[in-house]
Amino acid sequence: MLSTLAALLCLELCLSQRISTQKYTSSKPIIWAKPDVVIPRGMPVVIWCQGTHETVEYQLYFEGQLCASERPKTPGMTNKVKFPIPAMTLSNAGQYKCFYRSGELWSGPSDPLDLVVTGMYDTPTLSVQPGPAVISGENVTFYCRLGTATTTFFLLKEGRSSRPQHRYGNVQAEFPLGPVTTAHRGTYRCFGSYNNHVWSFPSEPVKLQVTGDVGDPILAPTEYTSSPDSWNPYLLTTEMQFQKDPALWNHAAQNLLRISLAFLVLVALMWLLADDWLHRKRAQEGANKSSSQEGRRRHRIQRHLDK
(Lines give C-alpha, C1' and ligand atoms only; values in the text may rest on other atoms or scores of the structure.)
Protein backbone atom coordinates (compact mmCIF):
# COMPACT_ATOMS: atom_id res chain seq x y z
CA MET A 1 0.00 0.00 0.00
CA LEU A 2 2.67 2.52 1.02
CA SER A 3 4.82 1.54 -1.94
CA THR A 4 1.88 2.23 -4.29
CA LEU A 5 1.29 5.67 -2.78
CA ALA A 6 4.98 6.49 -3.00
CA ALA A 7 5.07 5.42 -6.64
CA LEU A 8 2.08 7.62 -7.51
CA LEU A 9 3.55 10.64 -5.73
CA CYS A 10 6.89 10.10 -7.45
CA LEU A 11 5.16 9.88 -10.84
CA GLU A 12 3.25 13.10 -10.24
CA LEU A 13 6.37 14.96 -9.12
CA CYS A 14 8.45 13.68 -12.04
CA LEU A 15 5.84 14.57 -14.63
CA SER A 16 5.24 17.97 -13.03
CA GLN A 17 8.97 18.72 -13.09
CA ARG A 18 9.23 17.58 -16.69
CA ILE A 19 6.33 19.80 -17.75
CA SER A 20 7.75 22.73 -15.80
CA THR A 21 11.10 22.32 -17.57
CA GLN A 22 9.47 22.05 -20.98
CA LYS A 23 7.57 25.27 -20.29
CA TYR A 24 10.82 27.17 -20.41
CA THR A 25 12.83 25.20 -22.95
CA SER A 26 10.21 24.48 -25.62
CA SER A 27 8.99 28.06 -26.15
CA LYS A 28 10.97 30.87 -27.72
CA PRO A 29 10.48 34.62 -27.49
CA ILE A 30 8.82 36.78 -30.12
CA ILE A 31 10.76 39.74 -31.49
CA TRP A 32 9.49 42.63 -33.61
CA ALA A 33 10.25 46.29 -34.34
CA LYS A 34 8.04 49.37 -34.20
CA PRO A 35 7.22 51.29 -36.26
CA ASP A 36 8.86 49.00 -38.84
CA VAL A 37 11.96 47.01 -39.73
CA VAL A 38 12.81 49.36 -42.62
CA ILE A 39 13.86 52.66 -41.02
CA PRO A 40 15.17 55.88 -42.61
CA ARG A 41 18.54 57.01 -41.30
CA GLY A 42 18.24 59.15 -38.17
CA MET A 43 14.71 58.00 -37.27
CA PRO A 44 13.97 56.18 -33.97
CA VAL A 45 12.91 52.56 -33.70
CA VAL A 46 11.98 50.29 -30.79
CA ILE A 47 12.76 46.57 -30.68
CA TRP A 48 10.30 44.54 -28.60
CA CYS A 49 10.94 41.12 -27.06
CA GLN A 50 8.06 39.06 -25.68
CA GLY A 51 8.44 36.10 -23.34
CA THR A 52 6.15 34.88 -20.55
CA HIS A 53 4.78 36.46 -17.39
CA GLU A 54 7.33 34.46 -15.36
CA THR A 55 10.26 36.10 -17.21
CA VAL A 56 12.72 37.93 -14.96
CA GLU A 57 15.30 39.04 -17.56
CA TYR A 58 15.58 39.66 -21.30
CA GLN A 59 18.75 39.86 -23.38
CA LEU A 60 19.13 41.35 -26.86
CA TYR A 61 21.87 40.15 -29.21
CA PHE A 62 23.13 42.07 -32.24
CA GLU A 63 25.01 40.08 -34.88
CA GLY A 64 25.62 37.31 -32.32
CA GLN A 65 26.91 39.60 -29.54
CA LEU A 66 25.10 40.65 -26.37
CA CYS A 67 24.20 44.32 -26.74
CA ALA A 68 21.51 45.00 -24.11
CA SER A 69 19.80 43.46 -21.08
CA GLU A 70 16.48 44.47 -19.56
CA ARG A 71 14.35 43.38 -16.59
CA PRO A 72 10.55 43.84 -16.44
CA LYS A 73 9.65 46.87 -14.34
CA THR A 74 6.58 45.03 -12.98
CA PRO A 75 7.51 41.32 -12.76
CA GLY A 76 4.54 39.03 -13.29
CA MET A 77 2.40 41.82 -14.74
CA THR A 78 3.91 42.04 -18.22
CA ASN A 79 5.44 39.59 -20.67
CA LYS A 80 7.49 41.90 -22.88
CA VAL A 81 10.12 44.64 -22.75
CA LYS A 82 11.40 47.21 -25.22
CA PHE A 83 14.88 48.11 -26.41
CA PRO A 84 14.75 51.63 -27.89
CA ILE A 85 17.16 52.84 -30.57
CA PRO A 86 17.07 56.68 -30.60
CA ALA A 87 18.39 57.08 -34.15
CA MET A 88 18.87 54.51 -36.90
CA THR A 89 22.42 54.43 -38.29
CA LEU A 90 24.79 52.15 -40.13
CA SER A 91 26.16 50.84 -36.85
CA ASN A 92 22.84 49.46 -35.57
CA ALA A 93 21.50 48.04 -38.84
CA GLY A 94 21.76 44.27 -38.86
CA GLN A 95 20.30 41.09 -37.39
CA TYR A 96 18.88 40.92 -33.86
CA LYS A 97 17.76 38.04 -31.65
CA CYS A 98 16.51 37.98 -28.09
CA PHE A 99 16.35 35.51 -25.18
CA TYR A 100 14.47 35.48 -21.87
CA ARG A 101 15.15 33.90 -18.48
CA SER A 102 12.56 32.39 -16.14
CA GLY A 103 14.08 31.31 -12.84
CA GLU A 104 17.48 29.87 -13.70
CA LEU A 105 16.53 28.62 -17.17
CA TRP A 106 17.06 30.50 -20.44
CA SER A 107 14.85 30.20 -23.49
CA GLY A 108 16.08 29.42 -26.96
CA PRO A 109 16.70 32.33 -29.36
CA SER A 110 13.89 34.18 -31.06
CA ASP A 111 13.55 34.18 -34.82
CA PRO A 112 16.01 36.67 -36.37
CA LEU A 113 14.92 40.27 -36.85
CA ASP A 114 16.66 42.06 -39.73
CA LEU A 115 16.70 45.81 -39.13
CA VAL A 116 17.34 47.87 -42.27
CA VAL A 117 18.51 51.48 -42.56
CA THR A 118 17.54 53.46 -45.66
CA GLY A 119 18.58 56.86 -46.96
CA MET A 120 22.20 56.01 -47.73
CA TYR A 121 24.16 57.24 -50.76
CA ASP A 122 22.31 57.74 -54.06
CA THR A 123 18.69 57.59 -55.22
CA PRO A 124 17.58 54.99 -57.79
CA THR A 125 15.07 55.55 -60.57
CA LEU A 126 12.04 53.32 -61.09
CA SER A 127 10.12 52.80 -64.33
CA VAL A 128 7.51 50.32 -65.51
CA GLN A 129 6.77 48.75 -68.90
CA PRO A 130 4.52 48.72 -70.87
CA GLY A 131 3.30 51.57 -68.65
CA PRO A 132 1.65 52.47 -65.35
CA ALA A 133 -1.86 51.79 -66.70
CA VAL A 134 -2.51 48.22 -67.85
CA ILE A 135 -5.34 45.75 -68.23
CA SER A 136 -5.76 42.76 -65.96
CA GLY A 137 -3.92 39.79 -67.41
CA GLU A 138 -1.03 41.73 -68.94
CA ASN A 139 2.61 41.18 -68.01
CA VAL A 140 4.38 44.09 -66.34
CA THR A 141 8.05 44.67 -65.61
CA PHE A 142 9.53 47.21 -63.20
CA TYR A 143 13.05 48.50 -63.85
CA CYS A 144 15.11 49.83 -60.96
CA ARG A 145 18.33 51.62 -61.92
CA LEU A 146 21.08 53.06 -59.73
CA GLY A 147 24.09 54.86 -61.19
CA THR A 148 26.36 53.82 -58.34
CA ALA A 149 27.28 50.17 -58.78
CA THR A 150 25.48 47.95 -56.29
CA THR A 151 24.69 44.27 -55.89
CA THR A 152 21.04 44.01 -54.86
CA PHE A 153 17.83 45.90 -55.61
CA PHE A 154 14.62 45.81 -53.62
CA LEU A 155 11.12 46.59 -54.87
CA LEU A 156 8.47 47.41 -52.29
CA LYS A 157 4.78 48.10 -52.59
CA GLU A 158 3.18 50.41 -50.07
CA GLY A 159 0.76 48.71 -47.73
CA ARG A 160 0.60 46.81 -44.48
CA SER A 161 1.09 43.41 -46.09
CA SER A 162 3.89 44.34 -48.50
CA ARG A 163 7.00 42.18 -48.67
CA PRO A 164 10.14 43.25 -50.50
CA GLN A 165 11.22 41.54 -53.69
CA HIS A 166 14.93 41.47 -54.47
CA ARG A 167 16.96 41.03 -57.63
CA TYR A 168 20.69 41.09 -58.29
CA GLY A 169 22.42 43.45 -60.70
CA ASN A 170 25.26 45.92 -61.05
CA VAL A 171 23.43 48.99 -62.35
CA GLN A 172 19.87 47.83 -63.05
CA ALA A 173 17.48 45.07 -62.00
CA GLU A 174 14.23 43.86 -63.53
CA PHE A 175 11.14 42.90 -61.51
CA PRO A 176 8.65 41.06 -63.74
CA LEU A 177 5.04 40.87 -62.57
CA GLY A 178 2.24 39.08 -64.27
CA PRO A 179 -0.15 38.25 -65.40
CA VAL A 180 -1.28 41.15 -63.20
CA THR A 181 -4.63 41.42 -61.48
CA THR A 182 -6.33 44.25 -59.63
CA ALA A 183 -4.50 43.01 -56.52
CA HIS A 184 -1.28 44.42 -58.06
CA ARG A 185 -2.65 47.95 -57.97
CA GLY A 186 -0.67 50.29 -55.78
CA THR A 187 2.32 52.54 -55.36
CA TYR A 188 5.79 51.06 -55.77
CA ARG A 189 9.29 52.27 -54.88
CA CYS A 190 12.68 50.65 -55.19
CA PHE A 191 15.98 50.74 -53.34
CA GLY A 192 19.54 49.87 -54.15
CA SER A 193 21.27 47.82 -51.47
CA TYR A 194 24.92 47.91 -50.48
CA ASN A 195 24.33 44.98 -48.14
CA ASN A 196 21.23 43.29 -46.82
CA HIS A 197 20.78 45.89 -44.09
CA VAL A 198 21.91 49.14 -45.76
CA TRP A 199 19.66 50.52 -48.50
CA SER A 200 19.74 53.63 -50.63
CA PHE A 201 17.24 56.48 -50.61
CA PRO A 202 13.86 55.39 -52.00
CA SER A 203 13.09 56.04 -55.63
CA GLU A 204 10.30 58.32 -56.73
CA PRO A 205 6.98 56.46 -56.60
CA VAL A 206 5.36 54.68 -59.53
CA LYS A 207 1.64 54.06 -59.21
CA LEU A 208 0.43 50.99 -61.07
CA GLN A 209 -3.19 51.12 -62.25
CA VAL A 210 -4.80 47.83 -63.29
CA THR A 211 -8.25 47.93 -64.85
CA GLY A 212 -10.53 44.91 -64.92
CA ASP A 213 -11.56 42.84 -67.91
CA VAL A 214 -14.05 44.17 -70.44
CA GLY A 215 -16.86 42.40 -68.63
CA ASP A 216 -15.77 43.80 -65.29
CA PRO A 217 -14.46 47.31 -65.93
CA ILE A 218 -15.12 48.81 -62.51
CA LEU A 219 -13.32 47.00 -59.74
CA ALA A 220 -12.53 48.66 -56.46
CA PRO A 221 -8.89 48.58 -55.32
CA THR A 222 -8.20 45.52 -53.20
CA GLU A 223 -5.94 47.29 -50.73
CA TYR A 224 -4.92 50.71 -49.50
CA THR A 225 -2.67 52.88 -51.66
CA SER A 226 -1.44 56.36 -50.85
CA SER A 227 -0.70 59.32 -53.01
CA PRO A 228 2.94 59.86 -54.06
CA ASP A 229 3.17 63.02 -51.96
CA SER A 230 2.08 61.29 -48.75
CA TRP A 231 4.42 58.31 -48.81
CA ASN A 232 5.25 57.04 -45.37
CA PRO A 233 8.24 54.68 -45.16
CA TYR A 234 6.78 53.25 -41.96
CA LEU A 235 3.99 51.61 -43.98
CA LEU A 236 6.51 49.29 -45.59
CA THR A 237 6.53 46.03 -43.70
CA THR A 238 8.21 42.66 -44.04
CA GLU A 239 7.48 39.24 -42.63
CA MET A 240 8.09 40.17 -39.00
CA GLN A 241 4.65 41.01 -37.60
CA PHE A 242 3.30 40.94 -34.06
CA GLN A 243 1.84 37.56 -33.14
CA LYS A 244 0.08 36.09 -30.18
CA ASP A 245 2.68 34.46 -28.05
CA PRO A 246 2.57 30.65 -28.49
CA ALA A 247 4.46 30.36 -25.21
CA LEU A 248 1.41 31.71 -23.38
CA TRP A 249 -0.85 29.15 -25.01
CA ASN A 250 1.68 26.40 -24.16
CA HIS A 251 1.83 27.68 -20.60
CA ALA A 252 -1.98 27.49 -20.19
CA ALA A 253 -2.12 24.01 -21.71
CA GLN A 254 0.69 22.82 -19.45
CA ASN A 255 -1.04 24.22 -16.35
CA LEU A 256 -4.26 22.45 -17.36
CA LEU A 257 -2.33 19.22 -17.81
CA ARG A 258 -0.69 19.60 -14.40
CA ILE A 259 -4.08 20.26 -12.73
CA SER A 260 -5.59 17.23 -14.48
CA LEU A 261 -2.66 15.08 -13.40
CA ALA A 262 -2.93 16.25 -9.80
CA PHE A 263 -6.68 15.51 -9.84
CA LEU A 264 -6.08 11.99 -11.14
CA VAL A 265 -3.46 11.37 -8.45
CA LEU A 266 -5.90 12.67 -5.81
CA VAL A 267 -8.65 10.36 -7.08
CA ALA A 268 -6.23 7.41 -7.05
CA LEU A 269 -5.16 8.21 -3.48
CA MET A 270 -8.78 8.45 -2.32
CA TRP A 271 -9.59 5.13 -4.00
CA LEU A 272 -6.60 3.44 -2.37
CA LEU A 273 -7.49 4.88 1.03
CA ALA A 274 -11.11 3.75 0.67
CA ASP A 275 -9.99 0.29 -0.43
CA ASP A 276 -7.61 0.07 2.53
CA TRP A 277 -10.40 1.16 4.90
CA LEU A 278 -12.78 -1.48 3.51
CA HIS A 279 -10.06 -4.12 3.78
CA ARG A 280 -9.39 -3.22 7.41
CA LYS A 281 -13.12 -3.14 8.20
CA ARG A 282 -13.67 -6.58 6.71
CA ALA A 283 -10.65 -7.93 8.57
CA GLN A 284 -11.97 -6.48 11.82
CA GLU A 285 -15.43 -7.92 11.23
CA GLY A 286 -13.89 -11.31 10.45
CA ALA A 287 -11.82 -11.13 13.63
CA ASN A 288 -14.87 -10.16 15.69
CA LYS A 289 -16.87 -13.00 14.18
CA SER A 290 -14.13 -15.54 14.91
CA SER A 291 -13.80 -14.21 18.46
CA SER A 292 -17.56 -14.55 18.98
CA GLN A 293 -17.60 -18.08 17.64
CA GLU A 294 -14.64 -19.01 19.83
CA GLY A 295 -16.41 -17.56 22.86
CA ARG A 296 -19.57 -19.54 22.19
CA ARG A 297 -17.52 -22.73 21.69
CA ARG A 298 -15.73 -22.23 25.01
CA HIS A 299 -19.06 -21.53 26.70
CA ARG A 300 -20.54 -24.82 25.45
CA ILE A 301 -17.44 -26.73 26.57
CA GLN A 302 -17.64 -25.12 30.00
CA ARG A 303 -21.32 -26.03 30.39
CA HIS A 304 -20.58 -29.62 29.37
CA LEU A 305 -17.83 -29.87 32.01
CA ASP A 306 -20.12 -28.45 34.68
CA LYS A 307 -22.59 -31.18 34.02
Side-chain angles (χ1 to χ4, degrees), residues 32-40 43 113-194 196-243:
W32 72 98
K34 287 291 184 179
D36 192 16
V37 294
V38 180
I39 304 295
M43 298 299 292
L113 173 72
D114 291 301
L115 207 56
V116 175
V117 61
T118 67
M120 306 301 297
Y121 314 116
D122 296 332
T123 302
T125 58
L126 181 64
S127 60
V128 61
Q129 294 295 332
V134 295
I135 299 175
S136 178
E138 287 192 64
N139 291 317
V140 171
T141 302
F142 283 94
Y143 296 88
C144 186
R145 182 179 181 85
L146 185 62
T148 305
T150 185
T151 57
T152 310
F153 292 85
F154 287 90
L155 178 70
L156 293 117
K157 179 186 177 185
E158 292 184 25
R160 294 289 180 183
S161 61
S162 177
R163 295 181 181 180
Q165 302 180 48
H166 73 275
R167 296 288 187 275
Y168 297 105
N170 292 326
V171 177
Q172 179 176 280
E174 300 180 5
F175 294 87
L177 299 179
V180 295
T181 68
T182 52
H184 290 91
R185 291 171 174 169
T187 302
Y188 292 80
R189 295 182 186 250
C190 75
F191 298 79
S193 172
Y194 302 93
N196 288 337
H197 303 104
V198 180
W199 295 4
S200 69
F201 285 93
S203 68
E204 289 298 316
V206 172
K207 188 171 184 178
L208 183 66
Q209 298 178 345
V210 182
T211 58
D213 297 331
V214 176
D216 186 20
I218 304 177
L219 288 176
T222 56
E223 65 179 79
Y224 166 81
T225 59
S226 62
S227 65
D229 295 333
S230 63
W231 178 70
N232 183 351
Y234 291 154
L235 294 181
L236 301 177
T237 59
T238 58
E239 299 181 43
M240 184 54 64
Q241 299 287 342
F242 176 75
Q243 309 172 27

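Scope of the values below: all heavy atoms of this structure, side chains included, with no hydrogens, waters or symmetry mates. We're numbering straight along the sequence, starting at 1.
- Using a 30° and 60° split on the angle between ring planes, Tyr121 and Tyr194 fall in the perpendicular class, above 60°.
- The CZ atom of Arg185 lies 9.0 Å from the OG atom of Ser136; values are rounded to the nearest 0.5 Å.
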Side chain to side chain contact (heavy atoms under 4.5 Å, CB included) between Val140 and Phe142, worked out: CA-CA 7 Å; Val140 171; Phe142 283 94; 4.3 Å; yes
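- Between Pro124 and Ser200, the shortest heavy-atom distance links the atoms CD-OG, 3.4 Å.
- Nearest heavy atoms, Cys190 versus Thr125: SG-O, 4.0 Å.
- For Arg189 against Leu126, the heavy-atom pair with the smallest separation is CA-CD2, 3.8 Å.
- Using a 4.5 Å heavy-atom threshold, the side chains of Leu208 and Val134 count as touching.
- In this structure, Trp199 CH2 and Met120 CE are separated by 14.0 Å, a value rounded to the nearest 0.5 Å.
- Checked against side-chain contact (heavy atoms from CB on, under 4.5 Å), Glu174 has the following partners two or more places apart in sequence or in another chain: Thr141, Tyr143.
- Shown here for Gly192 and Phe153, the closest heavy-atom pair between the two residues is CA-CD2, 4.1 Å.
- Tested against Asn139, the residues Pro130, Pro179, Pro176 include a single side-chain contact (heavy atoms from CB on, under 4.5 Å) partner, Pro179.
- Rounding to the nearest 0.5 Å gives a distance of 7.0 Å between NZ of Lys157 and NE2 of His184.
- Nearest heavy atom pair, residue Leu113 against residue Ala33, reads CD2-CB, 4.1 Å.
- At distances below 3.5 Å, not a single donor-acceptor pair connects side-chain atoms of Lys207 with backbone N or O atoms of Ala133.
- In terms of heavy-atom proximity, Ala173 sits nearest to Arg167 at CB-CB, 3.8 Å.
- The distance from the CG atom of Leu146 to the CD atom of Gln172 is 11.0 Å, given to the nearest 0.5 Å.
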Check the pair Val171, Arg145 against side chain to side chain contact (heavy atoms under 4.5 Å, CB included), reporting the backbone distance first and the verdict last. CA-CA 6 Å; Val171 177; Arg145 182 179 181 85; 3.6 Å; yes
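- More than 12 heavy atoms of other residues, nucleotides or ligands shown are found within 6.0 angstrom of CD on Glu138.
- Using a 4.5 Å heavy-atom cutoff, the side chains of Thr118 and Phe154 are not in contact.
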Assess whether side chain to side chain contact (heavy atoms under 4.5 Å, CB included) is satisfied between Leu177 and Tyr188, documenting all intermediate values. CA-CA 12 Å; Leu177 299 179; Tyr188 292 80; 4.1 Å; yes
